[in-house]
**Student:** 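Pasting a structure here, questions to come.
All values below come from the heavy atoms of this structure, side chains included, with hydrogens, waters and symmetry mates left out.
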Amino acid sequence: MKCGVVDVGSNTIRLSIYRCEGGRIKLLLNKKEMAGLAGYIRDGVLSDGGILVACRVLSGFRALLDNFDIRELYVFGTASLRNIVNTEEALETIQEVTGLTVEVLTGAEEARLSFLGAATGGGASAGLLADIGGGSTELVAYRDGAVVSGCSLPMGSLSLYSRYVEGLFPTQEETRRIRSFAAEELEKARTPGGTCRHLVGVGGTIRAAAKLCNDIAGADPDNRLIPAAELRDLYKGLKKGDKNTLRQILRSAPDRVHTILPGLIILNTVLKAYEVETVSVSSCGVREGYLLDRVVGRQKDAGGAGADA
């Protein structure tokens, strides 16, 4: 079976097409649109313009799957639709315009599914997972392949940019305010005394940061294991905001030029609080977790029920 999974995020809307066989999944195609829905939120309301942007992108994805003769399309939303006051209105409009039903994940569900997806790639048996999105950040502590604790923080790379930054790149004062807010939010949720030597990173911010680190170090572009010290050095260099910094971002991660520093502030706040030493960038995340849980898992359950009947 082939199917599509769409993640309606605060910064990007992403489509992934998979083949599912025997409980296993294989990624066939990835496509993303930089929709920037967090930028359409004012006083907790997603504007009509933002809703129509989501409709336009989703309609385009639906047409793409029709061209491939793929009928199964699953759509879920995260902070972009969860943290607004007009969620129901937005969902109704999207369904009326596109014919698609969007499932809105809770913060706890997003954290669990991010871990489930990232776990498909293997890695360390114990550590911390961080999924830094455009509108929220999910943290999951795990041991022996099982979740120990998890939380969702109401801050992401695009939401912090929209809230604190006036220009293209944060000023020193704006950077200080973002850093203070991120530390306060993490302190509210963090279990005192907890440390994790290894962090698994999920999301566009961490992928972009790893690419920048690899480019600066002249490392293999496919390298996915980054020392935390390199990420701290990257943050120190980027927060200066000089022309060389902007040129480096435009070369390596042009679509993240305005959100990379707010995202890095979140990441480095986590690295410092948990005394992280190494970061691995996962190629899988919440979309794979959603597919395994909502689609593959339910197919298995249905097959089992049929066999027992």
Side-chain angles (χ1 to χ4, degrees), residues 11-12 14 16 27 29-32 34 114 117-134 137 156-158 160-161 165 167-172 174-175 178-179 182 195-285 287-288:
N11 195 20
T12 62
R14 293 175 178 266
S16 297
L27 177 65
L29 180 146
N30 253 332
K31 185 175 176 60
K32 73 174 181 180
M34 302 297 294
S114 290
T120 63
S125 61
L128 180 71
L129 176 137
D131 184 350
I132 302 175
T137 295
S157 60
L158 183 56
L160 290 183
Y161 171 82
V165 183
L168 176 64
F169 207 70
T171 65
Q172 289 186 353
E174 289 167 344
T175 297
I178 294 172
R179 189 170 61 243
T195 62
C196 293
R197 293 179 59 190
H198 183 70
L199 181 141
V200 176
V202 175
T205 287
I206 292 179
R207 287 193 296 270
K211 190 174 190 308
L212 281 165
C213 284
N214 287 334
D215 288 349
I216 291 171
D220 183 343
D222 295 326
N223 172 47
R224 292 184 175 272
L225 185 63
I226 311 294
E230 286 191 16
L231 290 162
R232 286 193 292 269
D233 289 343
L234 175 65
Y235 164 66
K236 291 175 183 177
L238 292 185
K239 72 178 181 179
K240 295 177 183 178
D242 57 20
K243 289 184 178 179
N244 288 333
T245 297
L246 291 173
R247 288 194 186 101
Q248 183 65 53
I249 298 173
L250 290 172
R251 284 196 298 268
S252 303
D255 57 348
R256 298 277 169 180
V257 66
H258 59 309
T259 61
I260 185 64
L261 186 54
L264 268 175
I265 291 172
I266 298 173
L267 176 57
N268 276 275
T269 302
V270 172
L271 297 181
K272 180 179 179 181
Y274 287 90
E275 300 178 18
V276 175
E277 297 177 8
T278 56
V279 175
S280 61
V281 183
S282 175
S283 59
C284 299
R287 289 185 300 284
E288 287 75 17

**Student:** Which residues pass the side chain to side chain contact (heavy atoms under 4.5 Å, CB included) test with S252, sequence neighbours left out?
**Tutor:** K211, L212, D215, Q248
**Student:** With sequence neighbours excluded, tell me which residues meet side chain to side chain donor-acceptor pair (under 3.5 Å) with K32.
**Tutor:** D255
**Student:** Considering all heavy atoms of both residues, which atom of F169 and which atom of L246 are nearest to each other, and what is their separation?
**Tutor:**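 Taking F169 first and L246 second, the nearest heavy atoms are CD1-CD2, 3.7 Å.
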**Student:** Which of these passes side chain to side chain contact (heavy atoms under 4.5 Å, CB included) with H198: L225, L128, V276, V279?
**Tutor:**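 Considering L225, L128, V276, V279, a side chain to side chain contact (heavy atoms under 4.5 Å, CB included) with H198 is found only for L225.
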**Student:** Are the side chains of T175 and L261 in touch, meaning some heavy atoms are under 4.5 Å apart?
**Tutor:** yes
**Student:** If I compare all heavy atoms of G117 with all of C284, which pair ends up nearest, and what's the gap?
**Tutor:**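 Closest approach of G117 to C284, heavy atoms only: O-CB, 3.2 Å.
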**Student:** Pairs in or reaching into residues 260-269: which pass salt bridge (charged side-chain N to carboxylate O under 4.0 Å, His left out), with residues at least two apart or in two chains?
**Tutor:** none
**Student:** Could you list the residues that satisfy salt bridge (Lys or Arg N to Asp or Glu O under 4.0 Å) with D233, not counting sequence neighbours?
**Tutor:**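 Salt bridge (Lys or Arg N to Asp or Glu O under 4.0 Å) list for D233, sorted by chain: empty.
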**Student:** Can you name the residues that form a salt bridge (Lys or Arg N to Asp or Glu O under 4.0 Å) with K239, not counting sequence neighbours?
**Tutor:** none
**Student:** Going by atom type alone, with no hydrogens or angles, which donor-acceptor pairs under 3.5 Å involve a side-chain atom of residues 264-271 and a protein atom two or more places apart or on another chain?
**Tutor:**
unit_1 : atom_1 : unit_2 : atom_2 : d
N268   : ND2    : L264   : O      : 3.0
T269   : OG1    : I265   : O      : 2.6

**Student:** Strictly distance-based, threshold 3.5 Å: is any side-chain N or O of T12 a donor or acceptor partner for the main-chain N or O of R14?
**Tutor:** no
**Student:** Which pair of non-hydrogen atoms, one from A210 and one from V281, has the smallest distance, and what is that distance?
**Tutor:**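 Closest approach of A210 to V281: CB-CG2, 3.5 Å.
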**Student:** Apply side chain to side chain contact (heavy atoms under 4.5 Å, CB included) to residues T259 and L160 and explain how you reach the verdict.
**Tutor:** CA-CA 8 Å; T259 61; L160 290 183; over 6 Å; no
**Student:** Is there a side chain to side chain contact (heavy atoms under 4.5 Å, CB included) between C213 and L231 once you walk through the steps?
**Tutor:** CA-CA 7 Å; C213 284; L231 290 162; 3.8 Å; yes
**Student:** Could you work out, with side chain to side chain donor-acceptor pair (under 3.5 Å) as the rule, every residue matching R287, not counting sequence neighbours?
**Tutor:**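 Per chain and number, R287 pairs via side chain to side chain donor-acceptor pair (under 3.5 Å) with S16.
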**Student:** Taking ring pair (Phe, Tyr, Trp, His ring centres under 6.0 Å) as the cut-off, I'd like each qualifying pair that reaches into residues 216-253, sequence neighbours left out, listed once.
**Tutor:** none
**Student:** Check side chain to side chain donor-acceptor pair (under 3.5 Å) between N11 and all other residues, then give those that pass, not counting sequence neighbours.
**Tutor:** none
**Student:** Starting from the C-alpha separation in whole Å, work towards a yes-or-no answer on side chain to side chain contact (heavy atoms under 4.5 Å, CB included) for L199 and Y274.
**Tutor:** CA-CA 9 Å; L199 181 141; Y274 287 90; over 6 Å; no
**Student:** For residues 197-209, which residue pairs qualify under salt bridge (charged side-chain N to carboxylate O under 4.0 Å, His left out), counting only residues two or more places apart or in two chains?
**Tutor:** R197-E277
**Student:** Working to the nearest 0.5 angstrom, can you tell me the gap between Q172 CD and R179 CZ?
**Tutor:**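 These two atoms lie 9.5 Å from each other.
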**Student:** Okay, side chain of E230, backbone of P227: is any donor-acceptor separation there less than 3.5 Å?
**Tutor:**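 Side chain of E230 to backbone of P227: no pair is present.
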**Student:** Which pair of heavy atoms, one from P170 and one from P262, lies closest together, and at what distance?
**Tutor:** CG-CD, 4.3 Å
**Student:** What distance do S157 atom OG and I206 atom CD1 have between them, rounded to the nearest 0.5 Å?
**Tutor:**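 Between S157 OG and I206 CD1, I get 10.5 Å after rounding to 0.5 Å.
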**Student:** Using every non-hydrogen atom in the two residues, find where G204 and R256 come nearest and quote the distance to one decimal.
**Tutor:**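 Distance-wise, the nearest heavy atoms are CA-NH2, 3.4 Å.
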**Student:** Applying salt bridge (Lys or Arg N to Asp or Glu O under 4.0 Å), name anything that partners R232, two or more places apart in sequence or on another chain.
**Tutor:**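 Residues passing salt bridge (Lys or Arg N to Asp or Glu O under 4.0 Å) with R232: none at all.
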**Student:** Can you name the nearest heavy-atom pair linking S282 to V200, along with the distance?
**Tutor:** CB-CG1, 3.9 Å
**Student:** Tell me the side chain to side chain donor-acceptor pair (under 3.5 Å) pairs involving residues 217-226, sequence neighbours left out?
**Tutor:** N214-N223
